[in-house]
Amino acid sequence: MKIGFLFPGQGAQSLGMGKDIYEKYEIAKEIYNEVEKITGINVAKISFEGPEEKLNETKYTQLAILTESLAILEILKQNKIISESSAGLSLGEYTALINSKVLTFEEGIKLVQKRGEYMQNLLPKGDWQMAAIMGLTDEQVEDVCKKVKSGFVVPANYNCIGQIAISGEKEAIEEAEIIAKDMGAKKIRILKTAGPFHTEKLIESSNALKQELENIKINKFETKVIKNLDGDYYNETDDVKEILAKHIINPVRFSKTIQKMLEDGIDTFIEIGPGKTLSGFVKRTPSNKEIKILNINNVESLEEVIMNFK
């Protein structure tokens, strides 16, 4: 058995996420308390009580998702469940890097706090949106975006075969929906995000984060991590700081990430954190061998996974 951890990104959040894990496991409570100590933000209160509008603010969303994922990771470690490799969708890549010890817990938390603040506060003016298009190829979605005349829109997340998220101006997204449906798209879903993420429009955020990264120490990888930028493993010669700065303004190559893990022999995927989105991406990825897909987002699913490995 070869285990791969997957960590969700922004958009997976929901009110009350992680509450039962926090209440049942002391180590989870310690993680939430530690994050509050580092950031001055009561992530537990925002995650469990909201209000939802507050949880959906980028500067809180990213910390909330990261904290829940790290709390679950600690419980898995206590039960000697570790991964061969890991990957995360956008924000989730930071969880993977903290898990791999490339970023220390404290520096990783501080970095994600700054990242969330920059991505919220340094947005260019405009009415921004993201939407997932289902049922078209990568090339078709790229073509959809090129055909839009009413504003800026580009592919942002190549999630899995047949699902690509686009990012841009609301009016342009609306036009893209019409074009995509005409081209045979099965479904289009507006995402719970608050900006033109993974596009050139976030260049100011990228530059600010790059400066922040200068103060961060990058350690050796203890486990393999796949980067969003190209869907391949980080290697020793990679400039992690440069990659993380570019990360915000470049598309996420998550379909390639899953394919890379499958090629590397990963046969058990565990999604750690809110939602089940990434599990769905793995299910839609063709494989010539039997794959086990597990996800952990509450006490019941956590204990089910622990029992699986006893």
Side-chain angles (χ1 to χ4, degrees), residues 1-12 65 69 72-73 76 81-100 102 130 132-142 155-167 186-187 189 191 193 197-198 221 223-235 238 243-244 246-247 250-297 301 305 308:
M1 184 191 290
K2 281 185 89 172
I3 299 170
F5 286 164
L6 298 175
F7 302 107
Q10 197 163 343
I65 293 171
S69 297
I72 294 167
L73 264 176
L76 292 180
I81 300 169
I82 54 171
S83 65
E84 295 268 343
S85 62
S86 61
L89 183 78
S90 189
L91 158 75
E93 188 163 314
Y94 285 79
T95 321
L97 292 170
I98 294 169
N99 178 53
S100 186
V102 177
M130 289 182 75
I133 298 177
M134 276 76 99
L136 297 181
T137 65
D138 293 2
E139 293 75 21
Q140 283 176 309
V141 173
E142 287 161 5
N157 293 0
Y158 292 81
N159 292 329
C160 62
I161 294 165
Q163 187 183 136
I164 298 100
I166 57 175
S167 186
K186 289 177 186 169
K187 190 180 174 187
R189 182 168 52 87
L191 303 178
T193 53
F197 301 148
H198 298 289
F221 284 82
T223 57
K224 294 188 285 186
V225 176
I226 301 179
K227 53 188 183 290
N228 285 179
L229 214 57
D230 58 8
D232 206 350
Y233 289 107
Y234 277 96
N235 61 54
D238 277 336
I243 288 164
L244 290 178
K246 283 181 177 174
H247 189 203
N250 277 274
V252 170
R253 304 284 175 178
F254 207 74
S255 49
K256 283 187 178 178
T257 296
I258 298 166
Q259 284 159 356
K260 175 60 74 175
M261 292 174 99
L262 288 168
E263 282 165 21
D264 203 31
I266 298 296
D267 55 20
T268 303
F269 290 84
I270 307 178
E271 181 177 2
I272 297 167
K276 298 180 181 180
T277 303
L278 308 186
S279 301
F281 295 164
V282 178
K283 278 178 192 158
R284 291 188 205 103
T285 305
S287 173
N288 55 11
K289 58 185 175 182
E290 200 175 320
I291 300 296
K292 186 181 269 192
I293 304 166
L294 306 163
N295 66 283
I296 303 170
N297 55 32
S301 53
V305 168
N308 254 285

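Because the structure is a prediction, the values reported are computed rather than measured. Computation of the quantities below employed the complete heavy-atom set of this structure, encompassing side-chain atoms and omitting hydrogens, waters and symmetry-equivalent molecules.
- With hydrogens and angles disregarded, no donor-acceptor distance shorter than 3.5 Å links the side chain of Glu84 to the backbone of Lys2.
- Counting only heavy atoms from C-beta outward, the side chains of Val282 and Glu271 never approach each other to under 4.5 Å.
- Proximity of Thr285 to Ser255: side-chain heavy atoms (C-beta onward) are nowhere separated by under 4.5 Å.
- Side-chain atoms of Ser100 come within 3.5 Å of backbone N or O of Thr223 as a donor-acceptor pair.
- Proximity of a side-chain donor or acceptor of Asn228 to a complementary backbone N or O of Gly88 within less than 3.5 Å is detected.
- In this structure, Ile293 CD1 and Lys276 NZ are separated by 12.0 Å, a value rounded to the nearest 0.5 Å.
- With respect to the salt-bridge test (charged N to carboxylate O, under 4.0 angstrom), the residues Lys260 and Asp232 qualify.
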Give the C-alpha distance, both sets of side-chain angles, the deciding distance and a yes or no for side-chain contact (heavy atoms from CB on, under 4.5 Å) between Phe221 and Leu97. CA-CA 8 Å; Phe221 284 82; Leu97 292 170; 3.7 Å; yes
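- Across every non-hydrogen atom of Pro286 and Ile161, the tightest pair is CD-CD1, 3.5 Å.
- How far CD1 of Ile270 is from CD1 of Ile72: 11.0 Å, rounded to the nearest 0.5 Å.
- Two residues are said to be in side-chain contact when any heavy atoms from C-beta on lie closer than 4.5 Å; Arg189 and Gln163 meet this criterion.
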Test log, rule side-chain contact (heavy atoms from CB on, under 4.5 Å), inputs Val252 and Leu89: CA-CA 7 Å; Val252 170; Leu89 183 78; 3.6 Å; yes
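- In this structure, Lys227 NZ and Leu244 CG are separated by 11.0 Å, a value rounded to the nearest 0.5 Å.
- Side-chain contact between Asp267 and Met1 is present, with at least one heavy-atom pair separated by less than 4.5 Å.
- When all heavy atoms are compared, the tightest approach of Ser85 to Met261 is OG-CE, 3.8 Å.
- Looking at Ser301, its side chain does come within 3.5 Å of a backbone N or O of Asn297 through a donor-acceptor pair.
- Here the shortest heavy-atom pairing between His198 and Ser90 reads NE2-OG, 2.6 Å.
- Annotation: side chain of Ile272 is in contact with side chain of Leu73 (closest heavy-atom distance under 4.5 Å).
- The environment of NZ in Lys186 is sparse: at most 12 heavy-atom neighbours from other residues, nucleotides or ligands sit within 6.0 Å.
- Atom CG of Leu91 is separated from atom CD1 of Ile65 by 6.0 Å, given to the nearest 0.5 angstrom.
- A side-chain donor-acceptor contact under 3.5 Å links Ser167 to the backbone of Phe197.
- Residue Ser86 forms a side chain to side chain contact (heavy atoms under 4.5 Å, CB included) with just one option from Leu6, Ile226, Asn99, and that option is Asn99.
- Among all heavy-atom pairs drawn from Ala165 and Met130, the shortest one is CB-CE, 4.5 Å.
- Note that NZ of Lys187 is 13.5 Å distant from CD1 of Ile133, once rounded to the nearest 0.5 Å.
- Taking CD1 of Ile98 as the reference point, atom OH of Tyr94 lies at 10.0 Å (rounded to 0.5 Å).
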Could you walk me through whether Tyr234 and Glu93 pass the side-chain contact (heavy atoms from CB on, under 4.5 Å) test, one step at a time? CA-CA 11 Å; Tyr234 277 96; Glu93 188 163 314; 2.4 Å; yes
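- Considering every non-hydrogen atom in both Ala87 and Thr257, the closest pair reads CB-CG2, 3.4 Å.
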Set out, in order, the CA-CA distance, both residues' side-chain angles and the distance that settles side-chain contact (heavy atoms from CB on, under 4.5 Å) for Phe269 and Ile291, then state yes or no. CA-CA 8 Å; Phe269 290 84; Ile291 300 296; 3.6 Å; yes
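- Within the 4.5 Å cutoff, the side chain of Leu76 has heavy atoms near those of the Phe5 side chain.
- Residues Ile3 and Ile82 form no side-chain contact, since every pair of their non-hydrogen atoms from C-beta on lies 4.5 Å or further apart.
- For the pair Ser69 and Thr95, the tightest heavy-atom approach, listed with the atom from each and the gap, is CB-CG2, 3.7 Å.
- At least one side-chain heavy atom of Tyr158 sits under 4.5 Å from a side-chain heavy atom of Glu142.
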